[in-house]
Novice: 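Submitted below is the structure of interest, expressed as structure tokens.
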Amino acid sequence: MANKKITDLSDLPSPVGADVLPIVDDVSGSPVTKKVTASNLMSLAPVQSVAGKTGAVTVDAGDLTDGNFDGTAISGFDASINEQTGTTYTLVAGDNGKVIKFTNGSAITLTLPSGLGEGFNCSAIQYGAGQITFSTSSSTLYNRQSHTKTAGQYAVTGLISCVADSFVLAGDTAS
């Protein structure tokens, strides 16, 4: 075979592991052109599989075992809705990252317990006419204006725990 520029060679659209590629070794010292197989080159790639899959990979919710997605795909990053119809509710660890939707027409008490941990966060929406009062038993509630209630129907609030057993209340609030 006569010498050719690499750019003059024909394309190989579907290489296999045993195919050989030219590679320049020791570029900064004494460069030498050597060969490497496609398999050997790919074995050095940092990511070889996702959830045991190789090649063009599509990740499904069931493949995400290190996070708790409850088998639900994260496309669109939709939040889970926890609808509450009563007049009292106490947050639980399972509410982390959720939207709590309160639909009662009477006053509602939302208790913020201790033990939910630093990083806990959720949204609370007064979807019905019943105003939500945020209550603490053995935790602390902070709000820039010292508010402890939602401002009215369709008020959206956020609760974030930056320190264990302490919550910051933000959003459409009232005293």
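Atom set for the values below is all heavy atoms of this structure, side chains included, hydrogens, waters and symmetry mates excluded. Remember, predicted model here, so these are calculated numbers, not experimental data.
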Novice: Would you indicate whether the side-chain heavy atoms of Leu169 and Thr148 approach each other to under 4.5 Å?
Specialist: no

Novice: So Lys149 and Thr173, do their side chains get closer than 4.5 Å, heavy atoms only?
Specialist: no

Novice: Heavy atoms only: give me the nearest Thr33-Pro22 pair and the separation to one decimal.
Specialist: CG2-CB, 4.4 Å

Novice: Report the distance from atom CD1 of Ile125 to atom OG1 of Thr103, rounding to the nearest 0.5 Å.
Specialist: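 Going from CD1 on Ile125 over to OG1 on Thr103, the span is 11.5 Å.
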
Novice: Where do Ile108 and Gly86 come nearest, in terms of heavy atoms and distance?
Specialist: CG1-O, 3.9 Å

Novice: Does some side-chain heavy atom of Val27 sit less than 4.5 Å from a side-chain heavy atom of Pro31?
Specialist: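 Pro31 does not reach Val27 side chain to side chain.
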
Novice: Just to verify, what does Tyr127 make a ring-ring contact (aromatic ring centres under 6.0 Å, His included) with, not counting sequence neighbours?
Specialist: Tyr154

Novice: Considering non-hydrogen atoms only, spot the tightest contact between Ala79 and Val99 and give its length.
Specialist: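 Looking at all heavy atoms of both residues, the shortest contact is CB-CG2, 3.8 Å.
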
Novice: Atom CG of Asn121 and atom SG of Cys162: how far apart are they, to the nearest 0.5 Å?
Specialist: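 If I round to the nearest 0.5 Å, the distance is 9.5 Å.
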
Novice: Just by distance, do the side chain of Asp95 and the backbone of Val92 share a donor-acceptor pair under 3.5 Å?
Specialist: yes

Novice: Backbone N or O of Leu141 within a donor-acceptor pair of the Asn143 side chain at under 3.5 Å?
Specialist: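 Not confirmed, Asn143 side chain does not pair with Leu141 backbone.
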
Novice: Rounded to the nearest 0.5 Å, how far does CG of Leu110 lie from CD1 of Ile100?
Specialist: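 One gets 7.5 Å once the value is rounded to the nearest 0.5 Å.
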
Novice: Same hydrophobic cluster for Leu21 and Ile23, using side-chain heavy-atom links shorter than 4.5 Å among ILVMFWY?
Specialist: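 Linked within one cluster.
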
Novice: What is the minimum heavy-atom distance between Gly17 and Ser39, and which atoms define it?
Specialist: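 For Gly17 versus Ser39, the nearest heavy atoms are CA-OG, 2.8 Å.
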
Novice: Examine Val163 and Ile160 and state if one hydrophobic cluster contains both, with Ile, Leu, Val, Met, Phe, Trp and Tyr joined whenever side-chain heavy atoms are less than 4.5 Å apart.
Specialist: no

Novice: If hydrophobic clusters are built by linking Ile, Leu, Val, Met, Phe, Trp and Tyr wherever their side-chain heavy atoms come under 4.5 Å apart, do Val156 and Ile81 end up in the same one?
Specialist: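 In one cluster: yes.
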
Novice: Side chain to side chain donor-acceptor pair (under 3.5 Å): which pairs involve residues 104-115, sequence neighbours left out?
Specialist: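 For residues 104-115: Ser114-Ser138.
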
Novice: Are any of the side-chain heavy atoms of Phe102 and Thr85 separated by less than 4.5 Å?
Specialist: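 Heavy-atom side-chain distance check fails, nothing below 4.5 Å.
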
Novice: By salt bridge (charged side-chain N to carboxylate O under 4.0 Å, His left out), which residues pair with Asp25, not counting sequence neighbours?
Specialist: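 Listed in chain order: Lys34.
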
Novice: Please check if the side chain of Ser161 supplies one atom and the backbone of Ser166 the other of a donor-acceptor pair under 3.5 Å.
Specialist: yes

Novice: Taking all heavy atoms of Ala174 and all of Ala151, pick out the closest pair and write down the distance.
Specialist: CB-CA, 3.8 Å

Novice: With a 4.5 Å cut-off on side-chain heavy atoms, are Phe167 and Leu116 touching?
Specialist: yes

Novice: Could you measure the distance from the CG atom of Asn82 to the NZ atom of Lys101? Nearest 0.5 Å is fine.
Specialist: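 If I round to the nearest 0.5 Å, the distance is 11.0 Å.
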
Novice: Looking only at atom types and distance, does a side-chain atom of Thr157 sit under 3.5 Å from a main-chain N or O of Ala124, one as donor and one as acceptor?
Specialist: yes

Novice: Can you tell me how far OG1 of Thr88 sits from CD of Gln84, rounded to the nearest 0.5 angstrom?
Specialist: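 Going from CD on Gln84 over to OG1 on Thr88, the span is 8.5 Å.
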
Novice: Answer yes or no: is there a side-chain heavy-atom contact under 4.5 Å between Phe134 and Thr150?
Specialist: yes

Novice: Give a yes or no answer on whether the side chain of Gln131 reaches the backbone of Ala107 with a donor-acceptor pair at less than 3.5 Å.
Specialist: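 Pair absent, no side-chain N/O of Gln131 close to backbone of Ala107.
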
Novice: Does a side-chain heavy-atom distance below 4.5 Å link Leu12 with Asp19?
Specialist: yes

Novice: Is there a donor-acceptor pair closer than 3.5 Å between any side-chain N or O of Asp165 and the backbone N or O of Ser139?
Specialist: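 Here the side-chain-to-backbone pair does not exist.
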
